[in-house]
Amino acid sequence: MSKFKGVDYYNFDSLLTEEEILIRNTIREFVDDNILPIIEDYYMRGEFPAQLVPKMAEMGMFGATLPAKYGCAEMNNVAYGLVMQELERGDSGVRSFASVQSSLVMYPIYTFGSEAQKDYWLPKLARAEKIGCFGLTEPDFGSNPGGMITRAEEKSDCYVLNGAKMWITNGTNADVAVVWAKLNEKVHGFLVEKGTKGYSAPEMKGKHSLRASITSELIFEDCEIPKENIFPNTSGLRSPLMCLNQARYGIAWGVIGSAMTSYDTALNYSLSRVQFGKPIAGFQLTQEKLVHMLTEITKMQFMTLQLGRLKDKDESRFQQVSLAKRNNVAQALEIGRIAREILGANGILSEYPIMRHTANLESVKTYEGTHEMHTLIVGEDVTGIAAFE
Ligand code: TGC
Ligand code: FAD
């Protein structure tokens, strides 16, 4: 049994099935036993703890919602969300690894790939015999991916890719990159395998955030891709954006785990830290902070659960996913900052998880669509007026 009891002020668990609770608790224990004891060390060294990956695969964390015939766990979206929540209680970088492998690599292969692509890649990716990455962002096109410069040209026996992607999670260690490039001015998806001539993926260094995660550039210089490596079933820019919905949904859940650990750490610390002759939890100002954190976590839980239930019925809209990603990441970041305050100077130490989580959330707020982009996506939805330009 995990020592971590979660945060459940409104008997949230009564809305979950036994199976969902079992899956969540299993991952919770995995995080206690395998991630928490090592993560600060990996974070400080700026290394991804790759030894976790085989066990994560064994536990069904990759492509978790996809069909069993590909070796996947075929969970519902709520169970998958709870997996993300628990993983991110460990570290956003580890959750990122799972998000990319599942939502940004396996999902597009499953949704847009040929039968041969699915049969070849999905079981290997589920078992983590192969690792994937997703290249959409470019040095000059982040929030506006439709402007991408990377181009594919059709030759008699191959496609030739030229261009560059930037900020790509798992890029350097990936066996296969899902790359989005324009072919005859329309966005298409390609599978680029490690070792292909003209393809390189140098790691980006110097991050103060997501340090236990690999981030890379992808460079394509007259890179020849076999004809069978194009996705046959895409429909322009809409296709990579559909992948983002899956990852944004996982993030909305994931950051609840990060917020929970910040709250739990701050609550326990405030009960034991004595100043002016009593625990700091006994000061009204501290209580206001704790209550604020608890309120925001509780709101996040119910909104995200309902989003998951809608998604399980195939009734969720991408704007609803944006609203949850936008809100939950901003609140988790704010909760991290408040928790840090409650710990005073101790809040900046590696001995506590808060500073690492808070620094990670700076990236999470930016990737998968910045806070501002999600404001504009929901803003357009409610007003009918696009304000991107
Ligand atoms: P726009 O004209 O609005 O849209 C083009 C077409 O796509 C449709 N659409 C979507 N469909 C499904 N899901 C979504 N989320 C969609 N958003 C838009 C839209 O209806 C339209 O369809 P159609 O049929 O009319 O053609 O496109 P735009 O060029 O104006 O761009 C706006 C947009 C939406 C791209 C922008 O707001 C946006 O989302 N920018 C954010 C870019 C982003 O999120 N990049 C993430 C990169 S991957 C990443 O960060 C991974 S982090 C990995 C980790 O976890 O470590
Ligand atoms: P910009 O688009 O340059 O934006 C800069 C600022 O301007 C932001 O605050 C933005 O909100 C604001 N802004 C832009 N346009 C508007 C507007 N119209 N109105 C108001 N404000 C605006 N990408 C991938 O493809 N694959 C990955 O695996 C991946 N992993 C990542 C991992 C990390 C650690 C990070 C940090 C990023 C990752 N990304 C990945 C890239 C990420 O998706 C982009 O950083 C993000 O989409 C924002 O793009 P940008 O950084 O170029 O910012």
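One-based numbering, in listed order, for ligands and for the atoms of each.
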Side chain, backbone, both or neither: which part of [X] comes within less than 4.0 Å of ligand 1 when only heavy atoms are counted?
{"X": "Leu376", "result": "neither"}
{"X": "Thr370", "result": "neither"}
{"X": "Glu389", "result": "neither"}
{"X": "Trp167", "result": "neither"}
{"X": "Ile377", "result": "side chain"}

I'd like to know if [X] contacts ligand 1, where contact means a heavy-atom distance under 4.0 Å to any ligand atom.
{"X": "Val321", "result": "no"}
{"X": "Ala386", "result": "no"}
{"X": "His374", "result": "no"}

Nearest option to [atom], as decided by whichever heavy atom of [options] sits closest:
{"atom": "atom 47 (O) of ligand 2", "options": "Ser92, Gly142, Gly135", "value": "Gly142"}
{"atom": "atom 41 (C) of ligand 1", "options": "Ser143, Pro240, Gly135", "value": "Ser143"}
{"atom": "atom 14 (C) of ligand 2", "options": "Ser213, Ala247, Ala386, Ser143", "value": "Ser143"}
{"atom": "atom 46 (C) of ligand 2", "options": "Thr137, Thr375, Thr366", "value": "Thr366"}
{"atom": "atom 9 (O) of ligand 2", "options": "Glu362, Glu368, Glu372", "value": "Glu372"}

Worksheet item: According to a 4.5 Å side-chain heavy-atom criterion applied to Ile, Leu, Val, Met, Phe, Trp and Tyr, with indirect links allowed, do Leu87 and Phe97 form part of one hydrophobic cluster?
Response: yes
Worksheet item: Is Leu290 reachable from Ile354 through a run of I, L, V, M, F, W or Y residues, each pair having side-chain heavy atoms under 4.5 Å apart?
Response: yes
Item to complete: May I ask you to list the atoms of ligand 1 that are less than 4.0 angstrom from any heavy atom of Thr137?
Response: 47 (C)
Do [X] and [Y] have side-chain atoms, one donor and one acceptor, less than 3.5 Å apart?
{"X": "Arg326", "Y": "Thr375", "result": "yes"}
{"X": "Ser262", "Y": "His357", "result": "no"}
{"X": "Ser209", "Y": "Asn360", "result": "no"}
{"X": "Asn346", "Y": "Tyr352", "result": "no"}
{"X": "Asn76", "Y": "Glu20", "result": "yes"}
{"X": "Ser216", "Y": "Thr172", "result": "yes"}

Given the protein's heavy atoms, is any one of them under 4.0 Å from [atom]?
{"atom": "atom 28 (O) of ligand 2", "answer": "yes"}
{"atom": "atom 38 (C) of ligand 2", "answer": "yes"}
{"atom": "atom 12 (C) of ligand 2", "answer": "no"}
{"atom": "atom 3 (O) of ligand 2", "answer": "no"}

Return yes or no for this condition: an N or O of [X] is under 3.5 Å from an N or O of ligand 1.
{"X": "Gly369", "value": "yes"}
{"X": "Thr169", "value": "yes"}
{"X": "Ser99", "value": "no"}

Practice prompt. Specify the protein heavy atom at minimum distance from atom 16 (C) of ligand 2: its residue, its atom name, and the distance to 0.1 Å.
Written response: Met373 CE, 3.3 Å
Discussion item. Can you see whether Tyr249 has Lys325 sitting over its ring - NZ or CZ less than 6.0 Å from the centre and within 45° of the normal?
Written reply: no
Fill in: Any Leu376 heavy atom less than 4.0 Å to ligand 2
yes
Item to complete: Please confirm whether the backbone N or O of Lys130 pairs with a side-chain atom of Gln101, one donor and one acceptor, at under 3.5 Å?
Response: yes
